[in-house]
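Any value given below was found using the heavy atoms of this structure, including those in side chains, with hydrogens, waters and symmetry copies removed.
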Amino acid sequence: MLLQQKSRAMVRHSGVARALLLVLAVVSSHQSLPTAQARLPDDVSGGLLAMLAVLLVLGLMVFPMLSPLLLYWRILFFFWFGGRYADAKTRFGLSGMSSGHLYSLAMVPWLMTKPHYRTGTFKEDMLTNLRNVVLPTGIYGVPLSLWAYSRLHALVAILFVIPFAAFVGSWYRRIFGLDFAYACFRRSLLEPRDWFQLWRLNCRLASMTALATKSPDFDMESKWNFIKGCLDNGLPTTPALETPKILVAKDVNEEGGMGIHVLPNVLYGGAWLLQEKLDNHPDVQQLLPKDSPLSTMRVVTGSYGALALLGRPAETKKLCNALCAVWRAGRAGASTDHSCVMVDVPQPRGEQTLGTGSSSAHWYAQGFKSLGKPLSTADGSIAHHPDTELSLCGCKLPKVKEALELCERSHEILIPSVPLAGWDVAFVAEEDPKAPAKLEL
């Protein structure tokens with residue numbers, strides 16, 4: 001019965017189809033009607049061609065990037081599914097830099113709940129230190145702390161946000177003649193050299209080293225512990241003010257209880273380190289605008305000390321070495337030298353002269369302050385101070401070599417088990433303006 005009903009329905013449908021075809025044949029053959037043409041309107045065909053052109057261009061841009069992207073994902077999942085750090089280098093043909101970068105990046109979801117030497121957990125440290133850093137977009141800057149709220153946020157950032165940012169950034173640099181797109185994309189994913197990823201790499205490795213060694217050296221991250229350590233070991237630093245116990249600072253123009261800041265002194269159980277303001281030495285100040293802040297030189301030092309705590313002492317005579325030096329030329333009206341041009345010191349033990357500079361201001365432009373700012377900049381693209389137009393290339397800072405030696409000695413005395421440390425050395429003016437510069441950490 002059911003089979004008969006289906007057969008009748010099929011007959012009806014086939015009959016309807018034949019009838020429609022017959023009507024179509026009659027209508028199309030009628031002499032009073034124009035000849036039918038299977039042609040799209042001009043505006044539709046033009047739009048379709050434009051869409052196909054866009055898709056073709058996107059395909060040509062994306063296709064070369066698939067190889068490094070797939071390798072990046074393969075290595076991450078290799079670690080997430082139990083792969084060993086020691087095996088990754090040979091299995092994927094990675095350099096030591098690539099292995100350390102990708103392994104520590106894959107460990108972020110695990111690290112997030114672990115204790116951190118500076119704050120409660122690694123997650124809390126990311127939320128704190130990424131809240132004023134944005135991904136440069138040229139339109140609107142969203143704090144990168146957004147991707148530190150949970151493990152899911154971190155995974156999305158690792159798997160998709162980082163590759164997308166690398167893709168856009170690599171083509172931006174290619175369009176503006178700063179780099180080759182493929183090389184930049186591959187480097188950004190597998191062996192980064194930009195300051196932000198190197199900073200985050202150091203944060204991850206320092207956290208993992210602190211967890212593995214449980215060394216008290218990491219307590220020196222506290223500014224108060226650091227100053228006490230310097231004073232106890234005769235290292236030059238600015239001491240904390242013993243008075244007042246509590247400092248109250250008021251804005252002279254605000255009312256209604258606003259503009260008042262109460263700062264309890266750390267010497268009496270408070271959280272504020274009160275210090276006198278230091279001034280640049282005249283030899284340094286002459287390179288800067290009149291109202292510039294104290295402009296320090298950042299020296300990065302490395303130590304092999306942690307290896308001994310891990311049972312693999314280094315076979316080297318010198319435990320700590322200075323790796324690089326950059327002078328932060330402060331901007332006019334800034335309160336600190338975080339607003340600056342970062343000027344390279346290419347040969348800090350040799351000529352000790354300044355090279356060219358770079359800026360990371362676009363990484364700190366939150367909200368619509370990012371509007372119009374570049375997505376990426378070329379290293380060493382700044383030769384003149386933007387506020388004075390003074391050429392900084394070839395200028396000299398006082399006691400650069402002595403500053404490096406001070407940092408190496410301080411690293412070995414205070415924090416030998418910390419692998420990498422950044423030191424801000426101030427070239428301080430004495431009461432006698434003709435006196436040589438005084439170094440302070």
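Checked options Tyr85, Trp110, Tyr103; the residue passing with Phe79 is Tyr103 (criterion: ring pair (Phe, Tyr, Trp, His ring centres under 6.0 Å)).
In terms of modelled atom types and a separation under 3.5 Å, the side chain of Asn225 and the main chain of Asp219 share a donor-acceptor contact. Asn280 contributes a side-chain N or O that, together with a main-chain N or O of Pro293, makes up a donor-acceptor pair within less than 3.5 Å. Here the side chain of Arg173 pairs no donor or acceptor atom with the backbone of Ser170 at under 3.5 angstrom. Counting only distance, with no hydrogens or angles, the side chain of His411 and the backbone of Ile415 share a donor-acceptor pair below 3.5 Å. In this structure, the side chain of Thr316 does not engage the main chain of Leu319 through any donor-acceptor pair within 3.5 Å. A donor-acceptor distance shorter than 3.5 angstrom exists from the side chain of Trp80 to the backbone of Ala106, with no hydrogens or angles considered. Between the side chain of Asn233 and the main chain of Leu414, no donor-acceptor pair closer than 3.5 Å is present. A distance-only check finds a donor-acceptor pair linking the side chain of Ser292 to the backbone of Pro289 [under 3.5 Å]. Judged by distance alone, the side chain of Lys123 and the main-chain N or O of Tyr149 form a donor-acceptor pair under 3.5 Å. Checking side-chain atoms of Ser98 against main-chain N and O of Leu190 turns up a donor-acceptor pair under 3.5 Å.
Ser104 contributes atom OG, which lies 6.5 Å from atom CE of Met208 (distance to the nearest 0.5 angstrom). Rounding to the nearest 0.5 Å gives a distance of 13.0 Å between CG of Asp179 and CZ of Phe185. In this structure, CG on Leu178 lies 8.5 Å from OG on Ser381, to the nearest 0.5 angstrom. The distance from the CG atom of Leu69 to the CG atom of Leu159 is 9.5 Å, given to the nearest 0.5 Å. Note that the NE2 atom of His101 and the CZ atom of Arg204 stand 6.0 Å from one another [nearest 0.5 Å]. Expressed to the nearest 0.5 Å, how far CG of Leu111 lies from CG of Leu211 amounts to 6.5 Å.
Ring geometry for Phe196 versus Trp199: interplanar angle over 60°, hence perpendicular rather than tilted (30 to 60°).
Residues satisfying the side chain to side chain donor-acceptor pair (under 3.5 Å) test with Asp379, not counting sequence neighbours, are none. Residues forming a side chain to side chain donor-acceptor pair (under 3.5 Å) with Ser339 (at least two apart in sequence, or on another chain): none. Taking the side chain to side chain donor-acceptor pair (under 3.5 Å) definition, one finds that Trp423 meets it with Thr301, sequence neighbours left out. Every residue two or more places apart in sequence or in another chain that forms a side chain to side chain donor-acceptor pair (under 3.5 Å) with Thr238 is listed here: Glu440.
Looking only at atom types and distance, the side chain of Thr113 has a donor-acceptor partner in the side chain of Arg151 under 3.5 Å away. Counting only N and O atoms by type, the side chains of Ser150 and His153 include a donor and acceptor under 3.5 Å apart.
For the side chain to side chain donor-acceptor pair (under 3.5 Å) condition, the pairs that include at least one residue of residues 343-367, sequence neighbours left out, are Arg349-Glu408. Sorted by first and then second residue, the salt bridge (Lys or Arg N to Asp or Glu O under 4.0 Å) pairs involving residues 322-343 (not counting sequence neighbours) are Arg328-Asp337, Arg328-Asp424, Arg331-Asp387.
Between Lys373 and Lys369, the shortest heavy-atom contact is CE-O, 3.2 Å. Across all their heavy atoms, Val418 and Ser303 have their closest contact at O-CB, 3.6 Å. The two residues Tyr72 and Leu189 have their closest heavy-atom pair at CD1-O, 3.6 Å. Minimum interatomic distance between Gln197 and Asp194 (heavy atoms only, all atoms of both residues): N-OD2, 3.0 Å.
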